[in-house]
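Right, one structure below, let's go through it.
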Amino acid sequence: MPFKIKLARIDNRLLHGQVATGWVNMVKPNRIFIVSDTVVNDALRKTLLVQAAPAGIKANVLSVDRAIKAYSDERLDSLQVLLLTEGPRDMERLVEGGISIPEINVGNMTFEEGKTIIASNLSVNDDDVAAFKSLNEHGTKLSRQQVPGDSAVDVMGLLKKADL
Amino acid sequence: MLAIIVASHGNFAKGILQSASMIFGEQEKVETVTFEPTEGPDDLLAKYNAALGKFDKDDQVLFLVDLWGGSPFNAASRIVAEHLDTMALMTGLNLPMLIEAYTVRDQDLSQVVPHLEETAKAGVKHLELQEDAGDDDDLL
């Protein structure tokens with residue numbers, strides 16, 4: 001039995017107020033995994049993110065490969081994980097690597113040059129679209145829901161509406 | 001579900017409600033009462049009663065107030081004093097307190113109050129940089 005994922009969330013701000021307070025209170029994880037190959041190599045950002053974890057919940061910053069390896073580590077069986085990635089591509093790599101993620105909570109993906117806005121605070125580039133489609137083909141449900149009080153919206157529907 | 005009244009000097013109460021909705025979303029049965037510079041205690045009582053009128057008769061009501069001893073506190077405490085079995089009042093309103101209140105609204109007032117007191121205090125914290133924090137080798 002691998003660790004249990006209580007919530008998998010895509011959010012380019014990773015661990016911030018909506019997550020550390022809103023979602024943590026909602027899903028009550030006992031561990032936060034921040035999965036990002038960039039952050040793992042950025043000592044300051046890593047330190048600050050780990051400090052932003054709510055009291056009593058440990059946070060780890062992991063590379064994608066390490067997260068996949070950790071999934072088969074039996075010593076981590078008791079973990080109830082809130083798992084964060086910056087974008088859908090990392091989530092897709094986790095699923096490809098064998099991690100079972102039935103549903104992904106899609107949070108903030110901030111607009112940048114070259115991205116298409118498909119909902120408020122949700123913009124995608126070609127690679128994001130490809131990653132979302134691949135996740136959808138894996139049977140992963142993609143739910144747009146910024147904060148617990150929002151109602152969930154299907155991301156594939158949003159992509160279709162935007163002709164993507 | 002607990003009904004909540006957030007009260008303050010000036011617009012703080014409205015502002016913190018909007019901040020909390022960014023973190024946790026819109027909430028039902030949450031009202032604000034703001035005390036304006038030209039107003040007196042009777043205005044406050046009227047505003048509190050108008051807010052209470054929006055709740056159901058059997059709702060438990062939690063007052064989250066900015067300052068101990070201020071006018072919003074004084075007026076609210078007069079109301080709460082007459083309904084001690086169904087109402088409670090806390091001061092030192094802050095964002096962790098309000099958001100936590102949203103997450104424990106299904107519990108009884110008697111459990112919620114001490115819990116929120118703890119959460120609000122824990123929200124005051126200073127940044128300390130620990131060098132080995134975030135060591136990704138330490139997953140256990």
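In what follows, every chain begins at residue 1, and chains take the letters A, B, ... in the order their sequences are listed. Reckoned from all heavy atoms, side chains included, excluding hydrogens, waters and symmetry mates.
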Check: Around atom NZ of Lys141(A), are there more than 12 heavy atoms of other residues, nucleotides or ligands at under 6.0 Å?
Finding: no
Checklist line | Shared hydrophobic cluster, Leu45(B) / Val6(B) (ILVMFWY, side-chain heavy atoms < 4.5 Å) | finding: no
Check: For chain B, which residues of residues 75-95 of chain A have at least one non-hydrogen atom nearer than 4.5 Å to it?
Finding: Arg75(A), Leu76(A), Leu79(A)
Next item on the list: Assess whether atom CD of Glu26(B) is packed by more than 12 heavy atoms of other residues, nucleotides or ligands within 6.0 Å.
Entry: no
Item checked: ILVMFWY cluster, Leu142(A) and Leu122(A) together (side-chain gap under 4.5 Å) -> yes
Note to self: Does Asp37(A), at its CG atom, have more than 12 non-hydrogen atoms belonging to other residues, nucleotides or ligands within less than 6.0 Å?
What the structure shows: yes
Next item on the list: Go through the atoms of Leu49(A) and report whether side chain, backbone, both or neither lie under 4.5 Å from a heavy atom of chain B.
Entry: neither
Notebook entry, point to check: In residues 3-24 of chain A, which residues are in contact with chain B at a heavy-atom separation under 4.5 Å?
Noted result: Gly17(A), Gln18(A), Thr21(A), Gly22(A)
Next item on the list: Output the distance between atom CZ (Phe24(B)) and atom CG (Asn25(A)), rounded to the nearest 0.5 Å.
Entry: 6.0 Å
Note to self: Membership question, hydrophobic clusters at under 4.5 Å side-chain separation (ILVMFWY): are Val39(A) and Ile32(A) in the same one?
What the structure shows: yes
Checklist line | Over all atoms of both residues, closest heavy-atom pair of Leu139(B) and Ala70(A) | finding: CD1-CB, 3.7 Å
Notebook entry, point to check: Do other residues, nucleotides or ligands put more than 12 heavy atoms under 6.0 Å from Glu36(B) CD?
Noted result: yes
Checklist line | Greater than 12 external heavy atoms within 6.0 Å of Met26(A)'s CE | finding: no
Check: Got more than 12 heavy atoms from elsewhere within 6.0 Å of NZ, Lys54(B)?
Finding: no
Margin query: Grouping I, L, V, M, F, W and Y whenever their side-chain heavy atoms are under 4.5 Å apart, do Val33(B) and Leu67(B) come out in a common cluster?
Written below: no
Item checked: Separation of Gln146(A) CD from Met22(B) CE (nearest 0.5 Å) -> 8.0 Å
